[in-house]
Amino acid sequence: MRESASAQELLDWYDRNARRMPWRVGPDARRLGVRPDPYRIWMSEVMLQQTTVAAVKSYFETFTARWPTVVDLAAAEDADVMAAWAGLGYYARARNLLKCARAVANDHSGVFPDTREGLLSLPGIGPYTAAAVAAIAFDRPETVVDGNVERVMARLHDEHTPLPTAKPVLTEMAAALTPQERPGDYAQAVMDLGATICTPRKPACGLCPWRKPCAAWEAGTAAELPRKLPKKRKPTRLGIAYLARRVDGAWLLERRPDKGLLGGMLGWPGSDWGDAPQDDPPIRAEWRELPAEARHTFTHFHLRLMVKTALVPMDRAPIRGDFVELPDFSPSDLPTVMRKAFDLAKDS
DNA sequence: AAGGCGTGGTC
DNA sequence: TGACCAAGCCT
């Protein structure tokens, strides 16, 4: 009979193997009584939503250096925050980050709520993030369930019900294991285990602290779990981007509406993205079509973006968008698909 | 409540 | 090289 897994085994593993991350308080500082800063934990957790640690690190450093406290962030300009988030993806997170910072600053005197329920009421904080911040920053015994935890639980219990159907069951399994002591470290330990040992493909079961109690290890099914419902294939859409450069070097740009794809971000005026985009330039000019197109894949479709360029005189008024002069424009302020179009146009 | 919502790395 | 994957949230 297998013995059931224990949180203590995992905590011991974590104490030996915890990865250093900019938002984590190291063991030395922890011994000196340093507690995690809720603002930094919240910031890191929002950035980590559906995003890898490697991608997040530099953004986290930039954000926390530029806006050291939630009150600083609450006072930031929308455009500055969106520009700083450019390239990280899922831009609704940036809009909600600001909304949340302003709610904390204005409605909570600049202090984060210290319970899962309180956190859950804030913009951009869902079940995962609320539990993570409550556990890691406030040491509350909340159960954190992300993709890692789902995978670890599915294997530990050899659960073959596919996701997302299995989610409630996996959540119960995770809750049954959550300890009263060091719940924050435990939450991070399960996620570290999933990220480094209990990986989606080729799990390193030989190194796993939970190998003995693992039902999937015993059954030889670990690499097949968790099962997932098949995904739809992505359609391909076509579009046109118009990159107009004024003779003084200014570029014609447009702020996208808050709702929808790339909401709130700066971008090039363009056509709709669909089967047959209509040629509808944002300013009267001699437009030139570039020989290459920008290709980009979003969550639910592939895009082939035709790029058109034009050089326009100083006195020509745009139909859509605004000219942004050089010192005020950096291509790094653009979402990646727009930067790809710029890279094609800039040396043409 | 199922689908919209980014990006870069990996195989 | 195309499909899958990553510390989800919102509507």
Side-chain angles (χ1 to χ4, degrees), chain A residues 18-19 21-24 40-60 82 85-97 99-100 119-137 142-152 163-165 167-168 171 174 184 186-196 198-203 223 226-237 256-265 267 273 294-303 334-340:
Chain A
R19 298 183 292 168
M21 296 180 194
W23 46 88
R24 281 189 180 166
R40 294 167 62 90
I41 298 303
W42 161 73
M43 175 82 70
S44 69
E45 291 300 344
V46 172
M47 288 182 169
L48 286 163
Q49 289 166 8
Q50 297 286 284
T51 309
T52 59
V53 169
V56 163
K57 275 182 177 162
S58 67
Y59 285 86
F60 178 83
M82 300 313 288
W85 197 276
L88 196 55
Y90 284 135
Y91 298 99
R93 294 185 295 171
R95 301 194 302 274
N96 284 330
L97 192 80
K99 275 191 205 165
C100 181
L119 290 158
L120 203 45
S121 69
L122 292 166
I125 299 187
Y128 164 77
T129 305
V133 174
I136 299 169
E142 300 292 351
T143 300
V144 169
V145 183
D146 72 334
N148 289 303
V149 176
E150 289 173 353
R151 185 169 58 256
V152 171
L163 284 166
T165 310
K167 173 114 182 171
T171 298
Y186 172 77
Q188 295 175 91
V190 188
M191 294 190 286
D192 271 20
L193 185 74
T196 62
C198 197
T199 51
R201 289 173 293 202
K202 298 211 256 178
R227 295 176 59 179
K228 294 188 178 178
L229 263 17
K231 296 178 181 172
K232 294 182 182 174
R233 65 173 286 277
K234 301 179 201 293
T236 296
R237 296 185 192 171
R256 299 174 63 89
D258 270 349
K259 304 268 182 204
L261 191 69
L262 309 178
M265 297 300 288
W273 295 345
R295 286 177 177 249
H296 192 74
T297 298
F298 293 98
T299 314
H300 53 297
F301 65 93
H302 304 289
L303 176 67
L334 298 173
T336 299
V337 62
M338 299 295 175
R339 195 179 42 68
K340 285 182 181 176

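The figures that follow rest on heavy atoms only: side chains count, while hydrogens, waters and symmetry mates do not.
Every residue was checked against the side chain to side chain donor-acceptor pair (under 3.5 Å) condition with A:T336, not counting sequence neighbours, and none meets it. Residues satisfying the salt bridge (charged side-chain N to carboxylate O under 4.0 Å, His left out) test with A:R227, not counting sequence neighbours, are none. Scanning for side chain to side chain donor-acceptor pair (under 3.5 Å) contacts around A:Q50 gives an empty result, with sequence neighbours left out. Scored by the ring pair (Phe, Tyr, Trp, His ring centres under 6.0 Å) test, A:F60 finds A:W23 as partners (sequence neighbours excluded).
Straight-line distance between the P atoms of C:dG2 and B:dC5: roughly 23 Å, to the nearest whole Å. Annotation: C:dA6 and B:dA1 have their C1' atoms spaced 23 Å apart (nearest Å). Between the P atoms of B:dG3 and C:dC4, the separation comes to 16 Å (whole Å).
If you find the closest nucleotide of DNA chain C to A:W23 and to A:K259, the one lying nearer the 5' end belongs to A:W23.
Contact check for A:V144 versus A:V190: no side-chain heavy atoms found under the 4.5 Å cut-off.
Between A:H296 and A:F298, the gap from one ring centroid to the other is short of 6.0 Å.
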Donor-acceptor contacts, no H, no angles, side chain residues 124-135 of chain A, under 3.5 Å, sequence neighbours left out:
residue	atom	partner	partner atom	Å
A:Y128	OH	A:E45	OE1	2.6
A:T129	OG1	A:Q49	NE2	2.9

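Residue A:K234 contributes atom NZ, which lies 13 Å from atom P of B:dG3 at whole-angstrom precision. Rounded to an integer number of Å, the gap from CE of A:M191 to C1' of C:dG8 is 12 Å. Here the C1' atom of nucleotide C:dA6 and the CG atom of A:D192 are 14 Å apart, to the nearest Å. One atom, CG of A:L97, and another, P of C:dC10, lie 12 Å apart when rounded to the nearest Å. B:dC5 atom P lies 14 Å from atom CG of A:D258, rounded to whole Å.
Regarding contacts with the backbone of B:dG3, every side-chain N or O of A:H300 stays at 4.0 angstrom or more from both OP1 and OP2. Side-chain N/O atoms of A:K231 include one lying less than 4.0 angstrom from OP1 or OP2 on C:dC5. Residue A:R151 has a polar side-chain atom (N or O) positioned under 4.0 Å from OP1 or OP2 of C:dA6.
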> How does each nucleotide of nucleotides 6-11 of chain B score, in 5' to 3' order, for protein heavy atoms under 4.0 Å: base (B), sugar-phosphate only (S), or none (-)?
Replying inline: BBS---
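Note on A:R19: a base of the nucleic acid sits closer than 4.0 angstrom, heavy atoms only. A:M21 comes within contact range of at least one nucleobase, with a heavy-atom separation under 4.0 Å. Within the 4.0 angstrom heavy-atom criterion, no nucleotide atom of any strand lies near A:V56.
For A:K232, counting side-chain heavy atoms from C-beta on, the closest listed nucleotide (B:dG3, C:dA3, C:dC5) is B:dG3.
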